[in-house]
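What follows is a short report on a single structure.
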Amino acid sequence: MTQAFSELNLAEPLQRAVAEMGYTALTPIQAQAIPVVLQGRDVMGAAQTGTGKTAAFSLPLLQRLLRHANTSTSPARHPVRALVLLPTRELADQVAQQIKLYAKHTPLRSAVVFGGMDMKPQVEELRKGVEILVATPGRLLDHIEAKTVVLNQVEYVVLDEADRMLDIGFLPDLQRILSYLPKQRTTLLFSATFSPEIKRLAASYLQDPVVIEVARPNTTASTVEQRFFRVEDEDKRTALKALLREHGVQQAFVFVNSKLGCARLARALERDGLAVTALHGDKSQDERLKALEAFKQGQVQLLVCTDVAARGLDIKDVPAVFNVDIPFNAEDYVHRIGRTGRAGASGLAFSFVTGRDARQVAEIEKLIGRKVEVEPLELPDERRARPARGNDGQRLWRSGEAAAVDPAHDAPSAAARAPRARPARAPAVAADPLLDRPYQPSLPPDVKPDWEAAAKPAAPKGLSAYIRPKRKVAALLRFADPPSAEGSPKASA
DNA sequence: AAAAAAC
């Protein structure tokens, strides 16, 4: 039985905002989490992607804050009382916008801070006083150190995409931030994926938490059709275009594993005449926000992206996700394909599997609890149309192919030898600093790569695999031996 | 193996 927002006894300004946004029925995670957050309990919440986790924590949070809301205009009367942390800038932006809408009719103020943007406007907004601060970790630490924000009155902390926030790359920053907060506080963790190790770690940050799991965690929406195709690297772009055509895909997220690969694929597709934009961490923040906006507005068909776009981004009606590269972590697979099939819609999730990907596919199978069948893919014969690539994207024709184009002549015809006019529809592509830079050999010319060392078996998986920079060690020690862990440490055994 | 997050 689905419950309605109107049954929640939310304050009138919140009810009104929700109604204006057109929400009526509660999703399962909302129905379960909202009452618990309203009680002020700590929560660890796991629910499938695209089921409204943001509303599940924001609405009850705002309701709690409203109990002592201050209508005075004095900044001192508006300390930061709730902190929402996210792993990417775009996600922080999105969640902040959503919270602003929910809080629209209340006196509560919110702000968002993330990197890649001017400090000044952020400082200005913080100075006026905000109850709810949405942030990415790095920039928040900047503000803390610049003393442009004070967090000693924080009552609520939300870690959205919590498993990512607790992973090794974020943990040191996260712990430093948490060290500035009052010990007495409510902590809320939400994600679609929680590995057992992260779950244990997460528990050490929570006090007597209520654990909410709607459906089995780590699962994908049943409305998303997942297929895996055997495709070798050199055929990936052809395969992508063929599948787009075959399934009449209007719009899609196209995920790759590296920033360079992202820039390259985007440019190649652009040269093929497709409406494409790229989103990755080496772009300026301005470019990142513009790329996302163009995709949202439907001005481009494809968003070629790295895992910066894997989590949380809520864009309505994107019918397909392509994993041109299989993600390194099975968790990221679940998040990536969660960009489609949102709010009960249907979606396609197509992944390209090369010979190297067997292990990753096995891990995905294990995580989603389903056998994966890798299908062969019939590729259109594009040999005649596929030019060899010159060093600056110039189209050159292999002599064999040129002959095939013009079989009446023994030698390539004058037309085949002449430089081809670029087809009218192929747009001039913008310069990309990631691609258009002087060639830099990765090793000095006199240094030979040490293949033997490179081929040595990987270090056994465990904490040691993660320990690199010294500054992370302190954080890792806590990771290894969380304060609330039961039982005695192994060392004493 | 990569990406993300601060200048």
Side-chain angles (χ1 to χ4, degrees), chain A residues 83-95 112-120 122-123 134-149 159-178 191 193 233 253-265 278-285 288-289 292 303-313 323-333 335-336 339 354-361 363 434 442 449 451 453-459 461 465-466 468-469 471-472 475:
Chain A
L83 183 62
V84 182
L85 296 172
L86 299 119
T88 71
R89 298 164 179 180
E90 286 74 14
L91 204 44
D93 197 28
Q94 174 185 297
V95 167
V112 60
V113 299
F114 52 80
M117 307 281 275
D118 267 4
M119 275 297 251
K120 263 200 189 153
Q122 297 180 356
V123 171
V134 181
T136 50
R139 180 54 67 91
L140 180 61
L141 280 168
D142 260 8
H143 281 289
I144 293 173
E145 271 150 28
K147 301 214 185 329
T148 47
V149 70
L159 304 187
D160 201 358
E161 306 298 340
D163 58 329
R164 166 64 79 245
M165 300 304 290
L166 292 168
D167 94 6
I168 209 66
F170 276 106
L171 196 58
D173 279 357
L174 182 69
Q175 292 198 322
R176 275 184 59 211
I177 292 167
L178 295 180
S191 185
T193 52
D233 285 315
F253 282 91
V254 177
F255 283 99
V256 294
N257 283 355
S258 75
K259 292 181 279 198
L260 189 61
C262 178
R264 281 185 180 148
L265 179 60
L279 177 59
H280 60 72
D282 271 359
K283 294 203 146 210
S284 73
Q285 196 51 38
R288 283 168 60 163
L289 294 171
L292 199 56
L303 184 72
V304 183
C305 50
T306 60
D307 279 328
V308 69
R311 286 168 175 260
L313 293 183
N323 291 311
V324 163
D325 298 331
I326 297 287
F328 293 108
N329 305 325
E331 279 83 9
D332 289 330
Y333 171 82
H335 288 276
R336 283 180 179 188
R339 296 318 98 218
T354 73
R356 300 183 308 275
D357 298 328
R359 220 196 63 195
Q360 281 152 241
V361 171
E363 274 175 26
L434 199 59
S442 54
W451 296 115
K456 264 199 290 205
K461 216 169 178 182
Y466 294 110
R468 285 190 309 260
R471 66 188 181 86
K472 287 186 180 170

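Numbers restart at 1 for each chain; the letters A, B, ... are given by sequence-line order, proteins then strands.
A:K259 has its NZ atom 10 Å from the P atom of B:dA2, to the nearest Å. The interatomic distance linking A:I326 (CD1) with B:dA1 (P) rounds to 19 Å, in whole Å. One interatomic measurement links the two molecules: CD1 of A:I177 to C1' of B:dA5, which rounds to 10 Å at whole-angstrom precision. Note: CG (A:L85) to C1' (B:dA4) measures 14 Å, nearest angstrom. In this structure, CZ of A:R356 is placed 12 Å from P of B:dA2, rounded to the nearest angstrom. In this entry the distance linking CZ of A:R336 with P of B:dA4 reads 11 Å, nearest Å. Regarding A:L86, its CG atom lies at a distance of 11 Å from the P atom of B:dA6, rounded to whole Å. At whole-Å resolution of the value, CD in A:Q175 and P in B:dA5 are 20 Å apart.
Which of B:dA3, B:dA6, B:dA2 sits closest to the side chain of A:D142 comes down to B:dA6. Residue A:F170 has its side chain nearest to B:dA5 when only B:dA5, B:dA2, B:dA3 are considered. Of the candidates B:dA1, B:dA4, B:dA2, the closest approach to any side-chain atom of A:D332 belongs to B:dA2.
Heavy atoms of A:R288 sit under 4.0 angstrom from primed sugar atoms or phosphate atoms, though from no base atom. Within 4.0 Å (heavy atoms only), A:D307 reaches no atom of the nucleic acid at all.
A:F255 pairs with exactly one of A:D332, A:V304, A:D307, A:I326 by the side-chain contact (heavy atoms from CB on, under 4.5 Å) rule, that one being A:D307. Applying the side-chain contact (heavy atoms from CB on, under 4.5 Å) test between A:V134 and each of A:V113, A:L140, A:V112 identifies A:V112 as the sole match.
When the side-chain nitrogen and oxygen atoms of A:R89 are compared with OP1 and OP2 of B:dA4, none of them lie within a distance under 4.0 Å. A close approach under 4.0 Å does not occur between any side-chain nitrogen or oxygen of A:T136 and OP1 or OP2 of B:dA4. Between A:T306 and B:dA4 there is a side-chain polar atom (N or O) within less than 4.0 angstrom of OP1 or OP2.
In this structure, CG in A:L289 is found 11.5 Å from NZ in A:K283, a value given to the nearest 0.5 Å.
Remark: A:D325 pairs with A:K236, A:V256, A:N257 by the side-chain contact (heavy atoms from CB on, under 4.5 Å) rule, at least two apart or across chains.
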**Request:** Run the numbers on A:T354 and A:D233 for side chain to side chain donor-acceptor pair (under 3.5 Å), then give the verdict.
**Result:** CA-CA 7 Å; A:T354 73; A:D233 285 315; 5.1 Å; no
